Amino acid sequence: MAIELATGHFKAMAGLEPISYTDPLTGLGNRARLRDKITKLVAERSLDPAPFTIGLVNLDGFRPINDLFGHPAGDDILCQVAHRLHACMPSGAVVVRLDGDAFAFILPLVFDEIGAESISDLFKDVLSAPYDLGKRSVRLSASFGFAIYPYAGEEYEQLMESVDTALYRSKRRGRGQVTIYSLDIAEEMRRTTQLEQALRRAIIANEVEVHFQPIVNLTNGRPIGFEALARWHDEELGSVLPAIFIPLAEERGIIEPLTEALLRKAARAALDWPDDIFLSFNLSSAQLVDPATHGKIMSIITSAGLRPQRLELEITETAMMADPDAAHAIIDRLRTDGISISLDDFGTGQSSLGRLREIALDKVKIDRSFVSEVSRDRPSEHIIKAIVALCEGLDLQVVAEGIETVEQAKKLVDLGCITGQGYHFGKPLPAAAALEFLQNAKPIQRNC
Ligand code: C2E
Ligand code: CA
Ligand code: CA
């Protein structure tokens, strides 16, 4: 009933328009119509440069509706969405269906971010009311992206790219989100590009440094190894956190030269330590899918003169999951050559106990989020106890991360975890200070 009503209504409205400008399901315009309208509006506005806004809307969780209730029900909802959007378009505005559950609109009289925000509130309300499917009704939220001409682009293609980016950002932030390209995204993109350029420069100039955080025996505080952590200070941008520049380097394809430079520096520093002190180094996700990784790592440590038995590589499960077969092959080759593998941030993300059996590992690092709660929170205590027991059964060593107090350290020892790192024992230090730390380490350094 709803389909018939909606389709009939819009087909009638479409009048004599050629069929290629019409979406057959909803009777709204299609992508060709959107292009036509935007191109015309751009031509008009280039003479009278008033802004206008284009928007994209995408239903959240629409696919499961199709799977659960069948395609006719999905089509019915799309027609209801079309009907609702058409009914609330302000004067002069046009709404079209692009494909699937994606709709686009042109708002010739929305000139700025405030206008786009207020109209998105209206659209959100209208689309969040229940959809009638005969015997049942469903509720759906929608994500929005907006782009304002001319700031987000002066031509159709550029505007569509901007509005796509805005919608993509909304989707990444969750459900029912609105993103306006013109101000926040453009600024963020500009800053990201500036950061990328500075990072490229710093990598070439070998300016990204490595600091070393002690990993200790919790029963006596004595260092047994160091985790290498990247540090970057840019003259203009100041200190940039690794949590920012490492993912950026991964995204922009410059993680490889960065990691190689860092490993070279870290291996050189480790040569000054006693031979029984290990170096733990973070591998990024890109390296776990690259078959050349094994060769590169071996060549760097061999030329530095570091025995593979002194190197541990920290990996995460998320990185493993990108291409599990490739990752397994790389890990196996590294381990065959004597390098150890630690599973970092265990207990977060998509941790699965099954994975502990699948990957050939040597160590598991319990994430700081459990450690920081261990002396206050029973569930964290139980989780740590379970991880320790599991690792014991699988013959894996356990390291606790982020230990900040003596109480946490004591509790961990009580729970059977005897190695760890954290500010309580030492913050990440430059190479010279790490060496000093080792020299000052007494047989029983701390009372914990
Ligand atoms: P991560 O590998 O889990 O490293 C531990 C982080 O916790 C480090 O942050 C460390 O400084 C911090 N930390 C250590 N102890 C404590 C503590 O007691 N309290 C608190 N609050 N924090 C503590 P950092 O250096 O900012 O690094 C953040 C993340 O960036 C790292 O997390 C790692 O994922 C990544 N990262 C850092 N250096 C490298 C690198 O050389 N290569 C790669 N691929 N990733 C790196
Ligand atoms: Ca780590
Ligand atoms: Ca970690």
Side-chain angles (χ1 to χ4, degrees), residues 199 202-203 206-216 218 223 225-233 239-267 269-270 278-290 293 296-297 300 311-320 322 340-349 351 361 363-375 387 398-409 412 419-431 433-434 437 448:
L199 183 59
I203 294 172
N206 205 13
E207 283 171 9
V208 185
E209 293 300 334
V210 195
H211 282 195
F212 299 90
Q213 183 175 38
I215 300 174
V216 304
L218 297 179
F226 286 93
E227 175 175 1
L229 293 159
R231 292 291 178 265
W232 174 35
H233 181 89
S239 287
V240 185
L241 291 174
I244 305 275
F245 70 81
I246 297 282
L248 179 70
E250 285 175 351
E251 201 182 296
R252 305 290 162 115
I254 46 176
I255 189 70
E256 222 178 87
L258 174 59
T259 308
E260 287 173 26
L262 292 171
L263 183 58
R264 238 174 250 121
K265 287 186 182 182
F278 66 83
L279 167 68
S280 203
F281 187 84
N282 292 285
L283 264 200
S284 86
S285 46
Q287 278 133 352
L288 273 182
V289 295
D290 179 2
T293 295
K296 283 181 186 151
I297 289 176
I300 291 171
L311 180 64
E312 286 185 11
L313 294 174
E314 300 192 9
I315 61 168
T316 62
E317 282 175 299
T318 321
M320 282 280 310
S340 304
I341 305 291
S342 299
L343 191 60
D344 204 358
D345 306 336
F346 189 72
T348 62
S351 292
L361 286 175
K363 235 177 223 187
V364 165
K365 297 187 81 169
I366 304 176
D367 191 70
R368 176 159 64 89
S369 52
F370 301 111
V371 174
S372 59
E373 296 298 323
V374 70
S375 42
I387 297 175
V398 189
V399 179
E401 292 189 295
I403 306 168
E404 292 184 350
T405 66
V406 66
E407 289 78 24
Q408 290 166 355
L412 285 159
T419 51
Q421 64 190 98
Y423 294 168
H424 173 62
F425 296 99
K427 289 197 168 180
L429 304 163
F437 183 95
C448 58

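Read the numbers this way: they start at 1 and go in the same order the structure lists the ligands and their atoms. Note that the structure is predicted; figures quoted are calculated from it, not measured.
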Find all atoms of ligand 1 within a distance of less than 4.0 Å from any non-hydrogen atom belonging to [X], and give their numbers and elements.
X	value
G422	15 (N), 18 (O)
L262	41 (O)
D345	3 (O)
S284	44 (N)

All side chain to side chain contact (heavy atoms under 4.5 Å, CB included) counterparts of T316, not counting sequence neighbours: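 Listed in chain order: T318, A319, D344, D345.
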
Can you tell me which portion of [X] lies within the under-4.0 Å heavy-atom range of ligand 1? Options are side chain, backbone, both, or neither.
X	result
H424	neither
I403	backbone
E227	side chain
R231	side chain
I246	side chain
P428	side chain
V210	neither

Nearest protein heavy-atom contact for [atom]: which residue, which atom, what distance?
atom	answer
atom 35 (C) of ligand 1	P242 CB, 4.4 Å
atom 38 (N) of ligand 1	A230 N, 3.0 Å
atom 15 (N) of ligand 1	Q213 NE2, 2.9 Å
atom 19 (N) of ligand 1	E404 OE2, 2.5 Å
atom 7 (O) of ligand 1	R368 NE, 4.5 Å
atom 10 (C) of ligand 1	L229 CD1, 3.8 Å

Pick whichever of F425, Y423, F281 has a heavy atom sitting closest to atom 13 (N) of ligand 1.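 Closest candidate by heavy-atom distance is Y423.
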
Below 4.0 Å from any atom of ligand 1, is there a heavy atom belonging to E401? yes

Check contact between K427 and ligand 1, using heavy atoms of the residue and a distance below 4.0 angstrom. no

Atom pair CG/CZ of L429 and R231 - distance to nearest 0.5 Å: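 Going from the CG atom of L429 to the CZ atom of R231 covers 10.0 Å.
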
Kindly determine whether H424 and T405 satisfy side-chain hydrogen bond (donor to acceptor under 3.5 Å, both in side chains), including the steps that lead there. CA-CA 6 Å; H424 173 62; T405 66; over 6 Å; no

Can you list the residues that meet the ring-ring contact (aromatic ring centres under 6.0 Å, His included) rule with F281, with sequence neighbours excluded?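 None.
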
Do protein heavy atoms approach [atom] to less than 4.0 Å?
atom	value
atom 29 (C) of ligand 1	no
atom 43 (C) of ligand 1	yes
atom 21 (N) of ligand 1	yes
atom 32 (O) of ligand 1	no
atom 2 (O) of ligand 1	yes

Enumerate the protein N/O/S atoms at a distance below 3.0 Å from the Ca ion (ligand 2), ignoring waters.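 Listed by chain and number: E227 OE2, N282 OD1, E314 OE1, D344 OD2.
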
Got a sec, which residues hit side-chain hydrogen bond (donor to acceptor under 3.5 Å, both in side chains) with K427, two or more places apart in sequence or on another chain? none

Please indicate whether any nitrogen or oxygen in N282 is less than 3.5 Å from any nitrogen or oxygen in ligand 1.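 Checking ligand 1 against N282, an N or O pair does fall under 3.5 Å apart.
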
Looking at side-chain heavy atoms only, is the closest gap between D290 and K296 below 4.5 Å?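 A side-chain contact under 4.5 Å exists here.
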
Check the pair S280, E314 against side-chain hydrogen bond (donor to acceptor under 3.5 Å, both in side chains), reporting the backbone distance first and the verdict last. CA-CA 7 Å; S280 203; E314 300 192 9; 2.8 Å; yes

